[in-house]
Amino acid sequence: MNEFDLFRRNAVDVIEARELEKRLASAAAQGKKLRIKFGMDPSSPDLHLGHSVQLLRLRAMQELGHQIVLIVGDATAMVGDPSGRNKLRPQLSRIDVERNLVTYTDQAARVLDMSKTEVHRNSEWFDAMRFEDVLRLAAKATVARMLERDTFEKRMEAREPIGVHEFLYPLMQGWDSVMIKCDVEIGGTDQLFNLLVGRELQEREGQIPQICLTFPLINGLDGRKMSKSYGNAIQLTESPNEMFGKVMSLSDAVMPMWFDTLTALDTAERDALLAGHPREAKARLAAEITSFYHGPAAASAAREAFDRQFRDKEAPEDVPEVDVSSRLPAEGLPLMVLLRDLELASSSSEARRTIEQGGVKLDGEIVRDPKYIVTALAESLLVQFGKRKFQRWR
RNA sequence: GGGGAGAUUCCAGAGCGGCCAAAUGGGCCAGACUGUAAAUCUGGUGGUAUCACCUUCGGCGGUUCGAAUCCGCCUCUCCCCA
């Protein structure tokens with residue numbers, strides 16, 4: 001794959017492809033690096049695989065020798081990006097933003113070589129702005145232009161609130177591009193509008209407008225758009241076992257997209273896997289992803305643990321032990337109460353329901369009576385609550 | 001400044017004096033089946049040592065034997081007109 005194709009691999013929008021080709025050529029001819037910007041909004045503390053789609057592209061570009069510039073949108077975060085949202089985002093305090101910022105750069109380091117990455121927070125330039133500077137910036141856009149944006153349009157239709165400050169977000173993001181003299185900005189497809197505003201502002205400031213590349217917003221485990229608030233995302237910091245297991249719970253239909261955007265496998269290899277057994281394909285996908293973040297050894301261990309627990313339906317190796325005997329009165333305690341007290345169930349009602357539905361096993365035997373009395377334990381007791389929670393009681 | 005609409009259980013969204021712990025869908029949990037924590041089907045989904053009580057329908061008061069449902073004020077939101 002040549003440089004041009006590597007840049008636009010998986011890209012949905014390329015504005016403009018010919019400009020990109022030319023710029024790559026002239027950069028190569030002059031031995032210059034392109035400055036490639038990616039903005040992160042530290043409004044929630046964790047990055048997930050959805051973000052990694054972009055990070056992986058950045059890594060590829062970094063490996064080609066280009067300069068990655070991460071913008072941590074600490075100033076922008078206090079506005080709240082309206083992209084892909086149909087609700088007003090809460091504005092964050094400086095303290096929240098600071099805390100998230102640290103975890104963000106740590107997590108980005110799981111994909112990028114941070115020693116070669118330039119990092120800026122956009123408060124570097126926005127904090128110095130006076131109100132008149134803000135007005136001057138705001139004057140560079142029109143309300144009509146802002147309303148073209150489909151997220152605003154939808155919210156207008158749905159009669160949902162739009163804060164005036166939200167109109168500033170695209171301008172701020174665009175201004176970031178001006179400040180760092182950006183050559184290429186990448187983002188999710190929902191960022192296209194913001195990226196284009198960057199082009200306009202750069203042009204007004206006499207810079208060559210940036211190339212804009214957008215990449216797919218991937219679907220989450222349940223097939224809906226991946227989002228932390230849907231609970232269908234996989235965090236970059238997740239343990240190998242969790243990461244592997246969660247990928248295995250991916251809806252089949254989403255597999256092709258994940259292969260393309262989250263692994264380095266080429267199309268032929270992907271197609272061969274998808275033509276085979278779906279479970280094998282998914283296991284390979286899970287292994288690829290887990291291995292990228294945790295290494296091959298951890299990935300194969302995760303696979304073994306998964307097969308053991310879910311295919312062979314055996315208890316995992318590392319079942320936590322809990323001392324139960326010391327808290328048992330002579331007459332014992334009902335199972336539902338113990339399950340709650342030991343935090344396997346969040347309430348005794350939940351414990352009761354799960355027991356009645358046949359979801360609780362003691363030493364492999366289903367117990368259906370919530371009032372089953374647990375008395376002094378002669379030997380240890382293996383407790384399974386639902387599919388995934390295990391404890392060994394002593 | 002004026003007029004109208006609305007705030008419901010995790011989310012969306014019904015309910016509009018008792019039959020409402022509150023329809024339906026999504027999510028989630030469990031079970032069956034299986035290829036897996038896929039798909040599909042079934043059941044469950046406020047709390048309580050649980051079958052009777054307790055706390056929920058933006059907030060505070062009020063009317064009533066009885067309120068998510070009626071009234072008053074407050075907070076927040078949306079739309080239209082200016």
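Note on naming: letters A, B, ... go to the chains in the order of the sequence lines (proteins, then strands), and numbering restarts at 1 for each one. Owing to the predicted nature of the structure, the values given are computational and were not obtained by experimental measurement.
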With a cut-off of less than 4.0 Å, is there a side-chain N or O of [X] near OP1 or OP2 of [N]?
| X | N | value |
| --- | --- | --- |
| Arg353(A) | rG47(B) | yes |
| Arg279(A) | rG35(B) | no |
| Arg388(A) | rC29(B) | yes |

Rounded to whole angstrom units, what separation is found between the [atom1] atom of [X] and the [atom2] atom of [N]?
| X | N | atom1 | atom2 | value |
| --- | --- | --- | --- | --- |
| Met257(A) | rA38(B) | CE | P | 19 Å |
| Leu274(A) | rA38(B) | CG | P | 18 Å |
| Leu339(A) | rA30(B) | CG | C1' | 14 Å |
| Leu221(A) | rA38(B) | CG | C1' | 11 Å |
| Glu314(A) | rU36(B) | CD | P | 14 Å |
| Phe310(A) | rG31(B) | CZ | P | 11 Å |
| Phe306(A) | rA38(B) | CZ | C1' | 10 Å |
| Glu280(A) | rA38(B) | CD | C1' | 14 Å |

Counting Watson-Crick and G-U wobble pairs only, both distances under 3.5 Å, name the nucleotide matched with [N], or none.
| N | value |
| --- | --- |
| rG43(B) | rC29(B) |
| rA38(B) | none |
| rA49(B) | none |
| rA5(B) | rU77(B) |
| rU24(B) | rA12(B) |
| rU69(B) | none |

Gap in Å between the two [atom1] atoms, one belonging to [N] and one to [M], rounded:
| N | M | atom1 | result |
| --- | --- | --- | --- |
| rG13(B) | rA7(B) | C1' | 13 Å |
| rG27(B) | rA12(B) | C1' | 11 Å |
| rG44(B) | rU24(B) | P | 10 Å |
| rA21(B) | rU8(B) | C1' | 12 Å |
| rG4(B) | rC28(B) | P | 43 Å |
| rC57(B) | rA68(B) | P | 8 Å |
| rC53(B) | rU40(B) | P | 42 Å |
| rU55(B) | rG61(B) | P | 15 Å |

Would you mind classifying the nucleic acid contact of [X] as base, sugar-phosphate or nothing, using non-hydrogen atoms under 4.0 angstrom?
| X | answer |
| --- | --- |
| Lys389(A) | nothing |
| Lys282(A) | base |
| Met336(A) | base |
| Gly245(A) | base |
| Ser348(A) | base |
| Leu333(A) | base |

What's the closest nucleotide to the [X] side chain, out of [options]?
| X | options | value |
| --- | --- | --- |
| Gln357(A) | rG47(B), rG35(B), rA30(B) | rA30(B) |
| Ser349(A) | rA49(B), rG35(B), rU48(B) | rU48(B) |
| Asp252(A) | rU48(B), rA49(B), rU36(B) | rU36(B) |
| Ser251(A) | rA39(B), rG31(B), rG44(B) | rA39(B) |
| Lys387(A) | rU48(B), rU34(B), rA30(B) | rA30(B) |

Ionic contact status for Glu304(A) with Arg308(A), cut-off 4.0 Å: no
Any side-chain to backbone donor/acceptor pair from [X] onto [Y]? Under 3.5 Å, distance only.
| X | Y | result |
| --- | --- | --- |
| Arg35(A) | Ile180(A) | yes |
| His294(A) | Ser291(A) | no |
| Gln202(A) | Gly174(A) | no |
| Glu238(A) | Gln235(A) | yes |

Nearest-nucleotide comparison on RNA chain B, the residue closer to the 5′ end among Met255(A) and Arg368(A): Arg368(A)
Given RNA chain B, 5'-ward residue of the pair Ala253(A) and Pro329(A), judged by closest heavy atom: Ala253(A)
Distance, nearest 0.5 Å, that separates CD of Gln107(A) from CG of Leu47(A): 4.5 Å
Donor-acceptor side-chain pairing of Gln191(A) and Glu185(A) below 3.5 angstrom: no
Qualifying residue for ring-ring contact (aromatic ring centres under 6.0 Å, His included) with Phe244(A), from Phe292(A), Phe306(A), Phe310(A): Phe306(A)
